[in-house]
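Below is one structure, written out as structure tokens, with a few remarks after it.
Per chain, numbering begins at 1; letters A, B, ... match sequence-line order.
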2 protein chains.
Amino acid sequence: MKRAEKIFIDYLRENGLKVTKERLMLLDELFNTEEHLDADSLLFRMRSQKRRVSRATVYRTLDLLVQCGLARKMRLGKENYVYEKVVPGRSHHHMICTVTGKIMEFWDSEVDDRLRQLCQEKGFRPTYFSISVYGLSQDADGER
Amino acid sequence: MKRAEKIFIDYLRENGLKVTKERLMLLDELFNTEEHLDADSLLFRMRSQKRRVSRATVYRTLDLLVQCGLARKMRLGKENYVYEKVVPGRSHHHMICTVTGKIMEFWDSEVDDRLRQLCQEKGFRPTYFSISVYGLSQDADGER
DNA sequence: GTAAGTGCAAAGTGTTTGCATGGAA
DNA sequence: TTCCATGCAAACACTTTGCACTTAC
């Protein structure tokens with residue numbers, strides 16, 4: 001069994017919740033994509049594989065995945081929420097191209113360390129940092 | 001006339017738009033508050049001063065203010081958009097307390113410089129950085 | 001006088017919820 | 001057999017839009 005699946009199942013059992021095929025299918029789908037997904041894209045991906053779930057279940061399951069730490073829920077400048085799997089040791093930030101919509105991930109310990117230091121100076125206890133850099137990716141230049 | 005008002009009026013004239021009392025009142029109100037406002041709070045502040053405008057006009061005017069660079073539109077983890085005035089030389093990021101909802105501003109050239117450098121390495125041309133640090137502010141500790 | 005702005009209410013959007021039915025434990 | 005989960009549709013919260021009337025220019 002995959003690591004994430006174990007975490008999810010343990011979480012469900014510990015909380016008196018049920019392990020359903022819908023929940024496992026959604027977990028699987030989220031972890032099989034590298035991209036950031038919104039609820040609708042996830043729903044569409046499920047349907048294109050004939051793994052039928054309702055939109056409500058998608059939202060409810062994504063919530064659970066966030067609660068047990070397997071997913072992250074964000075807004076990246078769009079109107080809707082996007083979700084991404086959480087992989088330990090793979091924390092990262094985003095560069096978002098305002099022309100193509102493309103999202104690049106990056107991470108840098110120097111930035112994170114400095115932010116942590118600033119928090120300490122202000123007496124703020126950080127849970128997590130969300131950095132979104134908006135601008136133009138290389139491939140967008142031609143399209144302007 | 002205040003700097004922001006001049007910018008706004010110039011922008012309107014240049015674009016064949018009209019300078020209305022509603023638009024000026026809203027600009028004034030936004031620039032008279034230090035906080036981040038959502039459309040409804042702004043509407044409420046206007047009403048409490050008997051400066052009557054409709055909700056639609058609030059949204060439409062905030063849009064204009066964003067377009068002419070006098071306001072910034074963001075999501076800070078909440079469901080709705082918040083707006084803040086843009087004051088030159090006062091760019092900043094946010095620390096958001098997940099318990100009290102309190103928002104602190106901060107700015108640090110070291111972080112910004114490092115981010116700019118990272119962008120350059122990736123061939124990304126940044127327009128702006130949005131950093132949201134979520135966590136607990138000092139006054140939230142007692143409430144847990 | 002004319003084009004643009006306003007307020008209102010209706011329509012949109014993305015997300016959440018109530019309820020009857022279905023399914024895991 | 002007992003709750004919990006699901007699917008559906010209705011409800012929601014916030015934002016945008018169409019339209020008749022008003023106002024800046």
Side-chain angles (χ1 to χ4, degrees), chain A residues 1 5 8-30 36-47 50-68 71-83 101, chain B residues 1 5 8-30 36-47 50-68 71-83 101:
Chain A
M1 197 196 302
E5 199 170 294
F8 195 29
I9 291 178
D10 287 352
Y11 174 83
L12 293 173
R13 296 232 164 100
E14 276 164 26
N15 290 278
L17 304 174
K18 290 173 180 169
V19 178
T20 65
K21 62 179 187 312
E22 287 84 355
R23 287 174 176 173
L24 294 180
M25 288 189 314
L26 285 163
L27 170 73
D28 184 60
E29 192 58 40
L30 180 70
H36 305 79
L37 287 173
D38 58 24
D40 245 44
S41 314
L42 180 49
L43 186 65
F44 182 80
R45 290 176 73 109
M46 298 297 287
R47 288 201 175 145
K50 302 270 189 299
R51 304 165 108 184
R52 194 156 289 279
V53 287
S54 71
R55 177 173 277 104
T57 297
V58 169
Y59 279 106
R60 288 188 277 229
T61 303
L62 283 170
D63 252 14
L64 289 174
L65 290 169
V66 170
Q67 279 165 42
C68 69
R72 192 173 157 202
K73 180 182 184 180
M74 304 164 293
R75 305 201 100 128
L76 295 178
K78 310 270 286 312
E79 322 72 53
N80 48 2
Y81 287 108
V82 292
Y83 298 82
Chain B
M1 193 195 308
E5 198 169 296
F8 194 30
I9 292 177
D10 287 351
Y11 174 83
L12 293 172
R13 295 232 164 99
E14 277 165 25
N15 290 278
L17 303 174
K18 290 173 179 171
V19 178
T20 65
K21 63 180 185 312
E22 287 85 355
R23 286 173 177 174
L24 294 180
M25 288 188 316
L26 285 163
L27 171 73
D28 184 60
E29 192 58 40
L30 180 70
H36 305 80
L37 287 173
D38 59 24
D40 244 43
S41 315
L42 180 50
L43 186 65
F44 182 79
R45 290 177 72 109
M46 297 297 288
R47 289 202 174 143
K50 302 270 190 298
R51 304 164 108 183
R52 195 155 288 277
V53 288
S54 69
R55 177 172 278 103
T57 296
V58 169
Y59 279 106
R60 287 188 278 230
T61 303
L62 284 170
D63 251 14
L64 288 173
L65 292 169
V66 169
Q67 278 164 42
C68 69
R72 191 173 159 202
K73 180 182 186 180
M74 302 165 293
R75 303 253 201 200
L76 295 179
K78 309 269 288 311
E79 323 71 53
N80 49 0
Y81 288 107
V82 292
Y83 298 81

**Asked** Taking only side-chain nitrogens and oxygens of B:Arg55, does any of them come within less than 4.0 Å of OP1 or OP2 of D:dC14?
**Response** no

**Message:** Below the 4.0 Å mark, does D:dT6 have OP1 or OP2 next to a side-chain nitrogen or oxygen of A:Arg52?
**Reply:** no

Quickly work out the [X] [atom1] to [N] [atom2] distance and round it to whole Å.
{"X": "A:Leu12", "N": "C:dA25", "atom1": "CG", "atom2": "P", "result": "9 Å"}
{"X": "A:Leu17", "N": "C:dA24", "atom1": "CG", "atom2": "C1'", "result": "12 Å"}
{"X": "B:Leu24", "N": "C:dG5", "atom1": "CG", "atom2": "P", "result": "13 Å"}
{"X": "B:Leu62", "N": "C:dT6", "atom1": "CG", "atom2": "C1'", "result": "15 Å"}
{"X": "B:Phe8", "N": "C:dG5", "atom1": "CZ", "atom2": "P", "result": "10 Å"}
{"X": "B:Met25", "N": "C:dT6", "atom1": "CE", "atom2": "P", "result": "9 Å"}
{"X": "B:Leu27", "N": "C:dG5", "atom1": "CG", "atom2": "P", "result": "16 Å"}
{"X": "B:Leu26", "N": "C:dG5", "atom1": "CG", "atom2": "P", "result": "14 Å"}

**Asked** Mapping B:Asp63 and B:Lys21 to their closest nucleotides on DNA chain D, which lands nearer the 5' end?
**Response** B:Asp63

**Closest-nucleotide 5' rank along DNA chain D - winner of B:Thr20 and B:Ala56** = B:Ala56

Could you please name the option among [options] that lies closest to any side-chain atom of [X]?
{"X": "A:Arg60", "options": "C:dG18, C:dG7, C:dA3", "value": "C:dG18"}
{"X": "A:Asn80", "options": "D:dT15, C:dT15, D:dG7", "value": "C:dT15"}
{"X": "B:Tyr59", "options": "D:dC14, D:dT6, C:dG5", "value": "D:dC14"}

**Message:** Whether A:Arg72 engages the ring of A:Tyr83 as a cation-pi pair (distance to the six-membered ring centre under 6.0 angstrom, angle to the ring normal within 45°) should be assessed.
**Reply:** no

**Asked** side chain to side chain contact (heavy atoms under 4.5 Å, CB included) with A:Lys73: which of A:Val82, A:Asp63, A:Leu62?
**Response** A:Asp63

**Message:** Rounded at 0.5 Å granularity, tell me how far OG1 in B:Thr57 sits from CZ in B:Arg52.
**Reply:** 12.5 Å

**Asked** In Å, rounded to the nearest 0.5 Å, how long is the span from CG of B:Leu12 to SG of B:Cys68?
**Response** 7.0 Å

**Request:** Run the numbers on B:Leu27 and B:Glu5 for side chain to side chain contact (heavy atoms under 4.5 Å, CB included), then give the verdict.
**Result:** CA-CA 7 Å; B:Leu27 171 73; B:Glu5 198 169 296; 4.0 Å; yes

**Request:** Could you pick out which residue, A:Lys18 or B:Ser54, lies toward the 5' side of DNA chain C when each is mapped onto its nearest nucleotide?
**Result:** B:Ser54

